[in-house]
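Working notes, beginning with the structure itself.
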Amino acid sequence: PYSAARLEELQKAGTPVIIDFTAKWCLICQVNHVVLSNDKVSAKLDEMGVVRMIADWTSNDPEITEALTKFGRNSVPLYVIYGSEQG
């Protein structure tokens, strides 16, 4: 699951991360999960050492709301990828 603290740890370690901002009530999010859970996509993310984080906004979690706001968004879906570069 998403947490700003965990994201910061991973970024400091130079670990690539993909954050899936989603909600159970979001139909587009659910359809997009079909792609993200595809065997080829999952295998490539694993090969690249990408950590997958789910930011479940189903209950309007304040920490997730704050993160969405930082990206200029007020709803889901949103996918954010952080590379392995440090700095």
Side-chain angles (χ1 to χ4, degrees):
Y2 170 82
S3 85
R6 178 71 175 133
L7 175 60
E8 185 177 337
E9 283 177 22
L10 292 166
Q11 286 183 290
K12 284 182 181 176
T15 304
V17 177
I18 182 169
I19 306 173
D20 175 2
F21 290 88
T22 186
K24 289 181 175 65
W25 46 259
C26 172
L27 181 60
I28 294 169
C29 299
Q30 303 313 312
V31 172
N32 289 346
H33 289 163
V34 172
V35 173
L36 290 174
S37 64
N38 174 287
D39 289 343
K40 288 183 180 182
V41 173
S42 290
K44 190 64 173 177
L45 292 174
D46 290 343
E47 175 188 319
M48 297 175 68
V50 177
V51 172
R52 296 181 266 284
M53 298 181 87
I54 302 291
D56 186 353
W57 199 48
T58 301
S59 300
N60 293 318
D61 179 293
E63 183 176 25
I64 295 170
T65 301
E66 181 180 334
L68 285 167
T69 301
K70 286 180 182 177
F71 290 105
R73 299 293 302 266
N74 61 7
S75 191
V76 292
L78 175 65
Y79 304 92
V80 178
I81 299 172
Y82 291 93
S84 58
E85 301 83 31
Q86 293 185 9

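Being a predicted model, the structure only gives us computed values, none of them experimental.
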Ion pair present between K12 and E9, side-chain N to carboxylate O less than 4.0 angstrom?
-> no

Verify side chain to side chain contact (heavy atoms under 4.5 Å, CB included) between L7 and Y82, making sure each step is shown before the conclusion.
-> CA-CA 9 Å; L7 175 60; Y82 291 93; 3.8 Å; yes

In short, A55 meets I64 closest at the heavy-atom pair C-CD1, 3.5 Å

Connected via hydrophobic side-chain network under 4.5 Å: V50 and L10 = no

What's the shortest heavy-atom distance between P77 and N32, and which atoms?
-> CG-ND2, 4.1 Å

Can you check whether C29's main-chain N or O pairs, donor with acceptor, with T22's side chain at less than 3.5 Å?
-> no

Spell out, yes or no, whether V17 and M48 are grouped together once hydrophobic residues are joined by side-chain heavy atoms under 4.5 Å, including indirect joins.
-> no

Side chain to side chain contact (heavy atoms under 4.5 Å, CB included) involving S75 - partner list, sequence neighbours excluded = W25, W57

V76 reachable from L27 in the ILVMFWY side-chain graph, under 4.5 Å edges = no

Hey, are the side chains of D20 and H33 touching, using non-hydrogen atoms and a 4.5 Å cut-off?
-> yes

For N60, look at atom CG and say whether over 12 heavy atoms of other residues, nucleotides or ligands are found less than 6.0 Å away.
-> yes

Transitive ILVMFWY side-chain link I54 to I18, under 4.5 Å | no

Taking the side chain as every heavy atom from C-beta outward, state whether K70 and E66 have any atom pair closer than 4.5 Å.
-> yes

Rounded to the nearest 0.5 angstrom, the CD1-CZ distance for I19 and R6 is 11.5 Å

Side chain of Q30, backbone of A23: donor and acceptor closer than 3.5 Å?
-> yes

Judged by modelled atom types alone, do D61 and Y2 share a side-chain donor-acceptor pair under 3.5 Å?
-> no

Given side chain to side chain contact (heavy atoms under 4.5 Å, CB included), test R52 with D46 step by step and report yes or no.
-> CA-CA 9 Å; R52 296 181 266 284; D46 290 343; 2.7 Å; yes

Common cluster, L78/V35, ILVMFWY with side-chain heavy-atom separation under 4.5 Å = no

